[in-house]
There are 2 protein chains.
Amino acid sequence: MQQEPKWRRRAEDRPDEVLDAALRLFASKGFAATKVEDIAQEAGLSKGAIYRYFSSKDEVFESLVRRAVAPIAEKASMIAQTSKEDPRIVLKTLLTIAIVKLSDPEILAVPRLVLQEAGRFPELAETYRREVLDRGVAAIEKIVQRGIDEGIFRPVNARLAVRNVIGPLVAHLLLSQIFKFDAERIDSPQDFLESHFDLLINGLTPHTMGEG
Amino acid sequence: MQQEPKWRRRAEDRPDEVLDAALRLFASKGFAATKVEDIAQEAGLSKGAIYRYFSSKDEVFESLVRRAVAPIAEKASMIAQTSKEDPRIVLKTLLTIAIVKLSDPEILAVPRLVLQEAGRFPELAETYRREVLDRGVAAIEKIVQRGIDEGIFRPVNARLAVRNVIGPLVAHLLLSQIFKFDAERIDSPQDFLESHFDLLINGLTPHTMGEG
DNA sequence: TATTAGTAAATGACCAGTCATTTACTAATG
DNA sequence: CATTAGTAAATGACTGGTCATTTACTAATA
């Protein structure tokens, strides 16, 4: 009569499971308010076992962020040398992908946490800036610049225009996610995207003398 | 030979001094990482004395935010029924004021902290949203709507366009303040403002058929 | 059986909040 | 004006609870 063991040795899967659990909890309660025991419970593990895989609570957080950063950094670099398509299309595609991804609270949580804890983890924040922000900003700048060179956009300062591309997105996420605007008042991501893109492109377009 | 007293009774000034000290520390280290004793030291007081004026560390934080909210809420309400001036001018004036104010880290700290601690202080976050955000957004929406009604702006969705007004500002502050973009790469607030305003207004303008 | 994943309980640092005591100030009284 | 009794402000040692981390042990598995 073989009993089910009380627990199993699954050293392969544990680290990722711990990080998943930690992400969920950090996302909803923040780093400081999340106990190591909470993480253990959420991951279906005892507190002590966490320390077999991570040397401290801080390291859990850092690993978490680094795990999330890797694939993003890779993608951002690829975007830079995207197709020679109409830069307007490229921008819209990018914004669409971004808003879809970031509408998932689990994904938005990482940059949010990095921001929140930047003071306590300056190196981590620096890494995130270098690997994600810098590359993302550079990619968008490049697209805008190409639009200018091809005469599709007005000759604006591309570096500064990046803020006009990503800013409304950031504002939208901030307003809808963090301050939890009443559900009824939340405009759908699609509506927001249309509006933003319309205003953005109209703002970037030369309009030398009606061409529409 | 009269010695200077070790301390003085200054019950009038203490509360504000404590809040000032707390703001400085919360801004740089965050709420959780700031000890009550730190606040006391920064305010030139002993820990125990803090509790003569505030019943808990939480209350210090709440008082701090409420003190900062009051004047902003007042101003935001006034802005709504501003002069019948050209809405473009009104927007630019608003943006200028906003960026000047928010470039002061001490002022930016409050909304940042509210965001950071929204999870732990939901009521406070709610208050902030109602008193500051809602009013600010409403004011800008009104101005944009007036511009549309007067035929100065295209008939866009005013509510959504608000994100295009404030978003780039938020992005700018995020990038320059929180991720501490290398000093050299920080574009001056003036440059940013010019660029943003240029793109924004061009985006809102009808361009029905070249008018300059 | 040896090794390693895992548990549960112990440890100790840390810190918000308390309180007995001291000090600065104020006002009543002669 | 000098003395002193009364009070409010401020101190700082202390407490109790909360975790992050460590340790001593146990169960799974090769």
Side-chain angles (χ1 to χ4, degrees), chain A residues 1-26 28-65 113 116-117 119-121 124, chain B residues 1-23 25-26 28-64 113 116-117 119-121 124:
Chain A
M1 185 180 169
Q2 179 60 22
Q3 284 306 104
E4 274 292 289
K6 294 204 168 66
W7 45 266
R8 293 185 177 280
R9 305 169 73 175
R10 297 178 22 250
E12 291 291 303
D13 305 328
R14 295 301 194 192
D16 267 330
E17 291 177 4
V18 170
L19 295 185
D20 290 343
L23 176 55
R24 281 193 293 276
L25 293 171
F26 289 165
S28 70
K29 319 195 320 182
F31 175 82
T34 300
K35 299 174 227 171
V36 172
E37 185 144 22
D38 295 341
I39 301 173
Q41 184 174 347
E42 176 86 10
L45 215 63
S46 75
K47 186 159 58 154
I50 302 263
Y51 288 89
R52 178 162 300 281
Y53 300 104
F54 302 95
S55 65
S56 68
K57 186 185 173 188
D58 281 14
E59 213 207 71
V60 171
F61 180 56
E62 289 173 12
S63 303
L64 180 85
V65 173
L113 282 167
Q116 261 173 26
E117 307 297 333
R120 276 175 52 74
F121 298 86
L124 191 64
Chain B
M1 187 183 169
Q2 180 59 24
Q3 285 305 105
E4 271 291 290
K6 293 202 174 80
W7 45 265
R8 293 186 177 279
R9 300 171 67 174
R10 296 178 24 249
E12 291 292 303
D13 305 328
R14 295 302 194 193
D16 267 330
E17 290 176 4
V18 170
L19 295 184
D20 290 342
L23 176 55
L25 293 171
F26 288 165
S28 70
K29 320 195 317 183
F31 176 81
T34 299
K35 300 175 228 170
V36 172
E37 186 145 19
D38 295 341
I39 301 173
Q41 186 172 348
E42 176 85 10
L45 215 62
S46 74
K47 184 161 61 154
I50 302 264
Y51 289 89
R52 177 163 300 280
Y53 300 104
F54 302 95
S55 65
S56 68
K57 187 185 173 187
D58 282 14
E59 212 207 71
V60 171
F61 180 55
E62 288 172 13
S63 304
L64 181 84
L113 283 167
Q116 264 173 24
E117 307 297 334
R120 275 175 53 72
F121 298 87
L124 191 64

### Task
Could you check whether A49(A) gets within reach of a base, just the sugar-phosphate, or nothing at all, counting any heavy atom under 4.0 Å?
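Base, at least one base atom sits under 4.0 Å.
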
### Task
Give a yes or no on whether the backbone of K35(B) and the side-chain of K47(B) come within a donor-acceptor separation of less than 3.5 Å.
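Looks like no, no N/O pair under 3.5 Å.
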
Distance, nearest 0.5 Å, that separates [atom1] of [X] from [atom2] of [Y]:
X       : Y       : atom1 : atom2 : result
E117(B) : L124(B) : CD    : CG    : 10.0 Å
L23(A)  : S63(A)  : CG    : OG    : 12.5 Å
L25(A)  : D20(A)  : CG    : CG    : 11.0 Å

Mind listing the closest non-hydrogen atom pair of [X] and [Y] along with its distance?
X      : Y      : value
L45(A) : V18(A) : CD2-CG2, 4.1 Å
R8(B)  : R14(B) : O-NH2, 3.1 Å
K57(A) : F31(A) : NZ-O, 3.0 Å

### Message
Enumerate the ring-ring contact (aromatic ring centres under 6.0 Å, His included) contacts for residues 38-58 of chain A, please, sequence neighbours excluded, ordered by first and then second residue.
### Response
none

### Query
By a strict heavy-atom criterion of less than 4.0 Å, which residues belonging to residues 14-22 of chain B are in contact with DNA chain D?
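DNA chain D contact set from residues 14-22 of chain B: R14(B).
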
### Summary
Within residues 50-59 of chain A, those residues having any heavy atom closer than 4.0 Å to DNA chain D are Y51(A), S56(A), K57(A)

### Task
Return the 5'-most residue of the pair R10(A), T34(B) with respect to DNA chain C, ranking by each residue's nearest nucleotide.
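So the residue in question is R10(A).
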
#### Entry: Mate of dT23(C) where both pairing distances stay under 3.5 Å, Watson-Crick or G-U
dA8(D)

#### Entry: Sorted by number, the residues of residues 35-47 of chain A with heavy-atom contact under 4.0 Å to DNA chain C
L45(A), S46(A)

#### Entry: Nucleotide interval of DNA chain D bounded by contacts with chain A (heavy-atom cut-off, under 4.0 Å)
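From 5' to 3', the first and last contacting nucleotides are dC19(D) to dT29(D).
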
### 5′-ward residue of the pair R8(A)/F31(A) relative to DNA chain D
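Residue closer to the 5' terminus by nearest nucleotide: F31(A).
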
### Task
Not counting sequence neighbours, which residues clear side chain to side chain contact (heavy atoms under 4.5 Å, CB included) with S56(A)? List them please.
D58(A), E59(A)

